[in-house]
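First comes the structure, then the notes that go with it.
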Amino acid sequence: DLIVHVRDITHPETILQKATVLSVLKNLNLPSHLLDSMVEVHNKVDLIERYKPTEENALAISALHGHGLEELEEEIEKKILTATGKKILTVNVNLEGPQLSWLYKEATVQEVEVMPEDGTARVKVIIGNSAFGRYKNLFPN
């Protein structure tokens, strides 16, 4: 669903390495949307003082120090959700009904926050558009 190209930005041949990787990927006859949505990651930015990527849409990280990893995770999540036609939603469910069980079967449940005072839960899910449509039809409230 997604290509993440991680480069050692301190390597003296980093630009040539990028060109080589892109050439290989193009020769694999991958779908163009994969190449167009590729995430470009510049690693080891901690070794270059005040590094700013010169390439459009490149993310600067330091895997060693954890710099930029949250942004990378957010970008990957956003692109995967777009590529798969899914979204992240939080829905309120009645714990006495079948909604939570249905969500476990038809979606990816990420988090459940139970509200014992009123017998409900806030459920964070990754769900496709068609599954969410079925959910709304089955459980209109």
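- Hydrophobic side-chain contacts under 4.5 Å tie V6 into a cluster, directly or through other members, with L2, V4, V39, V41, L59, I61, L69, L72, I76, I80.
- The cluster map of Ile, Leu, Val, Met, Phe, Trp and Tyr, joined by side-chain heavy atoms under 4.5 Å apart, puts L22 and I3 in the same cluster.
- For the pair N43 (side chain) and A63 (backbone), a donor-acceptor distance under 3.5 Å is present.
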Just do the side chain to side chain donor-acceptor pair (under 3.5 Å) check on R122 and T90 with the steps written out, would you? CA-CA 6 Å; R122 284 191 194 103; T90 300; over 6 Å; no
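- Looking only at side-chain heavy atoms (C-beta outward), K44 and Y51 stay at 4.5 Å or farther from each other.
- At a threshold of 4.5 Å between side-chain heavy atoms, the hydrophobic network of Ile, Leu, Val, Met, Phe, Trp and Tyr places L100 and F132 in one connected group.
- In this structure, the separation between OG on S62 and CD1 on I9 is 13.0 Å, given to the nearest 0.5 Å.
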Pair Y135, V93 - check side chain to side chain contact (heavy atoms under 4.5 Å, CB included), show working. CA-CA 11 Å; Y135 178 85; V93 300; 3.4 Å; yes
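- Listed here is the closest heavy atom pair of E106 and A131: O-CB, 4.1 Å.
- Hydrophobic cluster membership differs between M115 and L103, with clusters built from Ile, Leu, Val, Met, Phe, Trp and Tyr side chains linked at under 4.5 angstrom.
- Minimum heavy-atom separation, A83 to D1: CB-O, 3.9 Å.
- How far NZ of K86 is from CD1 of I126: 7.5 Å, rounded to the nearest 0.5 Å.
- By the 4.5 Å heavy-atom criterion applied to side chains, Y104 and V112 are counted as neighbours.
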Please step through side chain to side chain contact (heavy atoms under 4.5 Å, CB included) for the pair V91 and F139, ending with a clear verdict. CA-CA 11 Å; V91 293; F139 312 108; over 6 Å; no
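- Here the CE atom belonging to M38 is positioned 10.0 Å from the CG atom belonging to L30, to the nearest 0.5 angstrom.
- Under a hydrophobic-cluster definition in which Ile, Leu, Val, Met, Phe, Trp and Tyr are linked whenever side-chain heavy atoms come within less than 4.5 Å, directly or via other members, V45 and L64 are assigned to different clusters.
- Applying the 6.0 Å contact sphere to CG of L35 captures more than 12 heavy atoms from other residues, nucleotides or ligands.
- Summarising the geometry, atom CD1 belonging to I88 is positioned 12.5 Å from atom NZ belonging to K78; distances are rounded to the nearest 0.5 Å.
- Taking NZ from K52 and OG1 from T54, the interatomic distance works out to 12.5 Å, rounded to the nearest 0.5 Å.
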Would you sort out whether N92 and T120 count as a side chain to side chain contact (heavy atoms under 4.5 Å, CB included), showing the intermediate values? CA-CA 7 Å; N92 292 320; T120 65; 5.6 Å; no
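- Minimum heavy-atom separation, A58 to P53: O-CG, 3.7 Å.
- For K79 and E75, the salt-bridge test passes: some basic side-chain N is under 4.0 Å from an acidic carboxylate O.
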Begin from the C-alpha positions of H5 and V21 and carry the test side chain to side chain contact (heavy atoms under 4.5 Å, CB included) through to its verdict. CA-CA 8 Å; H5 181 205; V21 167; 3.7 Å; yes
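- Note on K18 versus E13: no salt bridge recorded, every NZ/NE/NH1/NH2 to OD/OE distance being 4.0 Å or above.
- Under a 4.0 Å N-O distance rule, the pair K124/E113 does not qualify as a salt bridge.
- Few gaps surround CD on E117; more than 12 heavy atoms of other groups in view lie less than 6.0 Å from it.
- To the nearest 0.5 Å, atom OG1 of residue T14 and atom NE2 of residue H11 are 8.0 Å apart.
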